[in-house]
There are 2 protein chains.
Amino acid sequence: MATGRTHRPATRSRGIPEATVARLPLYLRALTALSERSVPTVSSEELATAAGVNSAKLRKDFSYLGSYGTRGVGYDVEYLVYQISRELGLTQDWPVVIVGIGNLGAALANYGGFASRGFRVAALIDADPAMAGKPVAGMPVQHTDELEKIITDNGVSIGVIATPAGAAQQVCERLVAAGVTSILNFAPTVLTVPDGVDVRKVDLSIELQILAFHEQRKAGEGAAAEAASAAERGSAVGAAEVDAADADADADVDAPEADSAAANRKGPDGDVPAVMPA
Amino acid sequence: MATGRTHRPATRSRGIPEATVARLPLYLRALTALSERSVPTVSSEELATAAGVNSAKLRKDFSYLGSYGTRGVGYDVEYLVYQISRELGLTQDWPVVIVGIGNLGAALANYGGFASRGFRVAALIDADPAMAGKPVAGMPVQHTDELEKIITDNGVSIGVIATPAGAAQQVCERLVAAGVTSILNFAPTVLTVPDGVDVRKVDLSIELQILAFHEQRKAGEGAAAEAASAAERGSAVGAAEVDAADADADADVDAPEADSAAANRKGPDGDVPAVMPA
DNA sequence: ATTTGTGAACGTTTTCACAGCA
DNA sequence: TGCTGTGAAAACGTTCACAAAT
């Protein structure tokens with residue numbers, strides 16, 4: 001009981017599980033597409049396929065919202081679009097600020113899907129004085145000095161951080177102090193925030209590393225899981241450029257090792273006795 | 001038993017839970033920072049704080065990798081960096097292609113963290129002939145016609161899709177047919193892939209919607225959950241611009257409704273008798 | 001004296017399978 | 001007959017709490 005409180009104690013919604021909330025936008029997107037094609041009703045099976053989940057999960061998810069379907073028929077598309085939008089809070093308009101107008105920030109500012117559903121870019125903010133006044137996505141970039149005023153004047157409660165990692169925590173603190181209570185963080189760093197502030201993180205590098213993990217497992221799948229050359233699968237592969245990688249990957253040694261008590265370290269269960277580098 | 005197989009049946013790793021895999025990059029990042037500061041050892045408590053998790057979880061996670069710590073002391077930083085890198089497959093080099101060099105694709109190409117850990121941008125690909133040959137991030141953009149050849153020649157197994165939603169599925173299919181088995185999808189659409197191909201999705205719009213959900217709950221927290229004006233919390237808020245939003249949010253009506261059997265729909269438990277729009 | 005590693009308890013999420021309703 | 005809504009079961013993930021190790 002050292003620290004006591006967990007990082008996000010109040011994640012439990014007014015009934016709706018977090019996992020369900022995370023899928024609602026998916027359903028909404030699928031439903032919107034159906035709505036545009038003027039499809040009047042949809043079954044859980046069809047909608048689930050469109051959203052990339054299975055139908056039992058979808059029905060369970062919807063059951064947390066209420067009984068919005070009709071047995072034997074399915075769901076009314078327009079009605080569900082409205083109910084989910086409402087549940088997600090998209091029937092109101094959310095002004096958003098983007099801080100850090102580099103490559104990524106500019107890309108986000110230009111991203112169309114932003115404005116589509118209740119979100120409105122209220123301001124673009126950057127620390128570089130040379131950026132100030134420059135138009136990005138048809139909007140003048142404002143200097144960080146204005147941050148607090150912008151947040152307050154526009155009633156912004158959602159902030160997007162697209163700064164370098166080093167600046168992120170400080171920007172975060174200023175946003176929070178000015179009244180922002182939800183942050184979407186693109187900087188590759190862990191943000192520390194007070195209770196009551198939500199942070200979601202988008203991290204390219206982490207996603208790639210997770211993919212690499214699975215990719216590696218695929219490669220060592222049929223083989224004896226050793227001498228992992230960059231074996232590709234599916235179709236023919238030349239691999240006529242990855243030799244440097246091979247030199248790295250082949251070796252089961254070459255681990256950095258520091259000092260003292262390096263004895264009796266063991267890997268998982270029945271594997272090789274573990275990598276014991278010099 | 002209609003469809004039968006789940007979407008990703010073989011997610012279960014050789015022991016390591018998916019949730020743990022998703023955190024390993026976080027630990028790795030924290031450890032790398034410690035390594036750069038020449039910190040020799042670290043306790044689970046310290047490392048957990050740096051990574052933004054709790055120490056019990058971290059220890060459990062590490063226990064799936066093996067016994068790499070020393071009781072009474074902690075973990076050797078360099079050694080752990082190596083072990084996690086190895087587990088994630090980062091001791092080898094992963095050539096990656098980025099398809100779709102718009103704002104976002106260009107931002108990704110310029111993203112430094114890309115090259116840092118085992119990933120190397122092997123090619124930038126775009127469907128626009130006008131883009132072909134143009135340098136982005138010091139690299140000439142190649143035309144989509146070359147896609148298959150690029151994948152094959154470079155032994156690419158990881159592809160990043162940053163195209164518009166409409167093009168994503170088709171690009172995905174070409175990537176997979178050419179030998180790519182892991183895809184990072186930035187397009188706001190559900191990709192359908194054959195078994196054995198991993199897809200991870202990064203979706204700005206979904207993240208914002210999840211934040212909006214929680215933001216909405218915060219607003220209606222103290223109040224009677226009705227007449228939800230855009231009440232902000234924490235510090236003073238002018239809200240001198242969000243009036244349009246208020247008009248939308250106040251109303252508990254205004255739901256679109258289609259046709260027939262709209263009777264006896266009920267919301268969750270003891271709520272208002274449900275929104276019954278005209 | 002500390003701190004890891006891990007069974008056991010607990011909580012959450014997914015899946016199953018079918019009753020209930022149109 | 002067809003499809004939703006939901007208890008019950010299973011799978012998965014997190015936290016607790018302490019024995020084992022140094």
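- Nucleotide C:dT4 holds its C1' atom 15 Å from the OH atom of B:Y68, rounded to whole Å.
- Residue A:N54 contributes atom CG, which lies 13 Å from atom C1' of C:dA17 at whole-angstrom precision.
- Distance, A:E46 CD to D:dT4 C1': 14 Å, rounded to whole Å.
- Between the CZ atom of A:R23 and the C1' atom of C:dT15 there is a distance of 12 Å, rounded to whole Å.
- B:S43 is linked by a side chain to side chain contact (heavy atoms under 4.5 Å, CB included) to B:E45, B:E46, counting only residues two or more places apart in sequence or in another chain.
- Screening residues 21-59 of chain B for ring pair (Phe, Tyr, Trp, His ring centres under 6.0 Å), with sequence neighbours left out, gives B:Y27-B:F62.
- Nucleotide C:dT13 holds its C1' atom 8 Å from the NZ atom of A:K57, rounded to whole Å.
- For A:P17, counting side-chain heavy atoms from C-beta on, the closest listed nucleotide (C:dT13, D:dG13, C:dG5) is C:dT13.
- For the pair B:I16 CD1 and D:dT14 C1', the computed distance is 18 Å after rounding to whole Å.
- The side chain to side chain contact (heavy atoms under 4.5 Å, CB included) with B:L191 is formed by just one residue from the set B:L175, B:I183, B:V171, B:V176; it is B:I183.
- The stretch residues 35-60 of chain B participates, sequence neighbours left out, in no ring pair (Phe, Tyr, Trp, His ring centres under 6.0 Å) pair at all.
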If you restrict it to nitrogen or oxygen atoms, what contacts under 3.5 Å exist between nucleotides 1-3 of chain C and the protein, and what is each distance?
{"unit_1": "C:dT3", "atom_1": "O4'", "unit_2": "B:G72", "atom_2": "N", "d": "3.1"}
{"unit_1": "C:dT3", "atom_1": "O2", "unit_2": "B:G72", "atom_2": "N", "d": "3.2"}

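- When the side-chain nitrogen and oxygen atoms of B:K60 are compared with OP1 and OP2 of D:dG13, none of them lie within a distance under 4.0 Å.
- Atom CG in B:D61 sits roughly 13 Å away from atom C1' in C:dG5 (whole-Å rounding).
- In terms of the side chain to side chain contact (heavy atoms under 4.5 Å, CB included) criterion, residue partners of A:L26 (sequence neighbours excluded) are, by chain and number, B:K201, B:I206.
- With sequence neighbours left out, the side chain to side chain contact (heavy atoms under 4.5 Å, CB included) criterion links A:A165 to A:P188, A:T189.
- Atom OH in B:Y64 sits about 17 Å away from atom P in C:dT4, given to the nearest Å.
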